[in-house]
Amino acid sequence: IQKELGQDGDDAADDLSQKIEKAGMPEDVKERALSELKRLEYQGPQSAEASVIRTYLEWLIELPWDKETEDNLDVNHVREVLDEDHYGLDDVKDRIVEYVAVRKLAGNKMRGAIINLNGPPGVGKTSIATSVARAIGREMVRLSLGGVRDEAEIRGHRRTYIGAIPGRIIRALRDAKTRNPVIVLDEIDKVGTDWRGDPSSALLEVLDPEQNHSFTDHYLEVPFDLSQVIFITTSNQLSTIPMPLLDRMESIQMLGYIEDEKVAIANKYLLRKQLEAHGIEEIEINFESEALSKLIRGYTREAGVRQLERNIGKIVRKLAVKIAGGEIGPFVVNESDIEEIMGPEKFTFGVAEDNDEVGVVTGLAVNAFGGDILPIEVSLSEGSGKITLTGSLGDVMRESAQAGLTYARANARLLDLEPGIFDKINVHIHVPDGATPKDGPSAGIGMAAAVISALTRRPVRKEVAMTGEITLRGKVLPIGGLKSKVIAAHRAGVSTVLIPKDNAKEIPELPERVREDLTLVPVSHLDEVLASALLEPAGQPIKLAEDGENRQDVIIPPVSIDGTNGIIHVSGD
Ligand code: ADP
């Protein structure tokens, strides 16, 4: 009947069948495609089913079943490209060169771990992955897994769903147009799990070299070979990556840059990149070194260089206006230009605190954005032995605070404190900024030192930062993330960092400049912390009121510091 009506649609069917022949599908996939084509021919062209089948066939045809780019596995060339695009990062580059070498020798037999680049934002994770693709000569596709909660995002919806399409992996391959691209899976630490299924189990199948040669998307229903794909994943933290995934990865840490490295990156890479982005690469622009320092210290606070890159972009745009107006340079950017273009400084560089204060300690923390300083404040008031902890502290941090206070109580006499005072004062411990949730044991010695400083009226040296877990007996236990923390301390301009003795073995791994600039003091007991960090008392000791002083039970005398005559530096005031 269709023929009679002149609706035979043979042309379209012929067209599809030719495309199927040319798509280079494996035999079983081709059979499947041809049988779908047959089904299509039986449908009326207007039927809903026909359009579903046609879309399905188009997906099959578009996939790069046999299209490949040829790899350039010359290790020297790879190293050159990596060096050309990125400053430093030797560990990462070495590892990538090794990977390429093995690939060259083992060919398709290679069953390597997936490389995961872990570190705070802006340290170059994505951009080094892009360089890998460029170095080997492969296509690259990036997909962000942040917030993916549905297994179907990875593996597709079954065709019975209206509007079903393949999952992201198959879509990425279609975009790459080759079956051996580099696929960068960003933010693998932010994959969630809920009632819609577990995307991490689908990812496991994608990443596992034992299984991924026959990855089956729910929509396609036929296997696609992913074994030729190079997967590189990136993450901000390892702790939230599902264990089975983490197990298949080899994580390379990229912890962030110190100021010298940022200067070099800005001069050699970021400036050039921004000039290109603004179409003025032939113009010569130089930053005076003080100007660049100012730009880094006064306008960025980050482990990576993303904000710095944006700031340089802003300056380049100002110069672009001049160039468009006819000036040809060369331009030299000095400190006052920075101030003029960027406005008042956003961050004050230097130690966290302006004065040696009683009850204020600079702790160190790591979060998904790298290391940072963590001020801890303690304030005492006349009361009844209550403890208040604020600043969105987690359980572990609360317990550290309790442990610090118990230590002070137990060792009151050694610390020259009247034991009776503990029941008469209220202790308030606060960790700004209050809206950010914080947790972890490594603030232990900081909390204890802040409490003891407040109780003994001994100010804390402002140039000292500290990190370490504490036990009830005052022993200092090792912590994680030393490198990030020490880099943050260096960035904040402190001069001395107290670290647990058991972490001292990591000191040789720290950047040389950091080791030169900072005095790193390994400590094994709180006594050593107090000896290094606290100064002589800046006021009278806290004492119980004597009979006749009928005001209150305890007297907390004010402290004055550094000749600030009469200004009371009790923290929090
Ligand atoms: P991430 O993926 O780690 O968040 P990006 O890869 O997006 O960070 O990097 C941010 C920017 O900083 C990019 O423009 C990148 O080229 C640049 N960058 C980071 N590290 C370096 C480096 N070592 N050398 C040169 N450029 C760098």
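Values below: every heavy atom of this structure, side chains too, minus hydrogens, waters and symmetry copies. Remember, it's 1-based here, ligands and their atoms both numbered in the order they're listed.
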Interfacing atoms of ligand 1 (cut-off 4.0 Å, heavy-atom, [X]):
X	answer
Asp85	25 (C)
Glu309	11 (C), 12 (O), 13 (C), 14 (O)
Val305	12 (O), 17 (C), 18 (N), 19 (C)
Pro121	4 (O)

Are there more than 12 heavy atoms of other residues, nucleotides or ligands under 6.0 Å from atom CG of Asp90? yes
CZ/Arg103: more than 12 non-hydrogen atoms of other groups inside 6.0 Å: yes
Quick test of your reading: applying side chain to side chain donor-acceptor pair (under 3.5 Å), list the pairs with at least one residue in residues 316-329, sequence neighbours left out, ordered by first then second residue. none
Check Arg301, Lys294, Arg297 against Glu345 for a salt bridge (charged side-chain N to carboxylate O under 4.0 Å, His left out) and give me the one that passes. Lys294
Just need the protein heavy atom nearest to [atom], so name the residue and atom and give the distance.
atom	value
atom 4 (O) of ligand 1	Arg306 NH2, 2.5 Å
atom 6 (O) of ligand 1	Ser127 N, 2.8 Å
atom 24 (N) of ligand 1	Tyr87 N, 2.9 Å

Would you please name every residue forming a ring pair (Phe, Tyr, Trp, His ring centres under 6.0 Å) with Phe224, sequence neighbours left out? Trp65
If you measure from each non-hydrogen atom of Leu89 to ligand 1, which part falls under 4.0 Å: side chain, backbone, both or neither? side chain
Side chain to side chain contact (heavy atoms under 4.5 Å, CB included) between Phe287 and Ile315, worked out: CA-CA 10 Å; Phe287 280 78; Ile315 290 165; 4.0 Å; yes
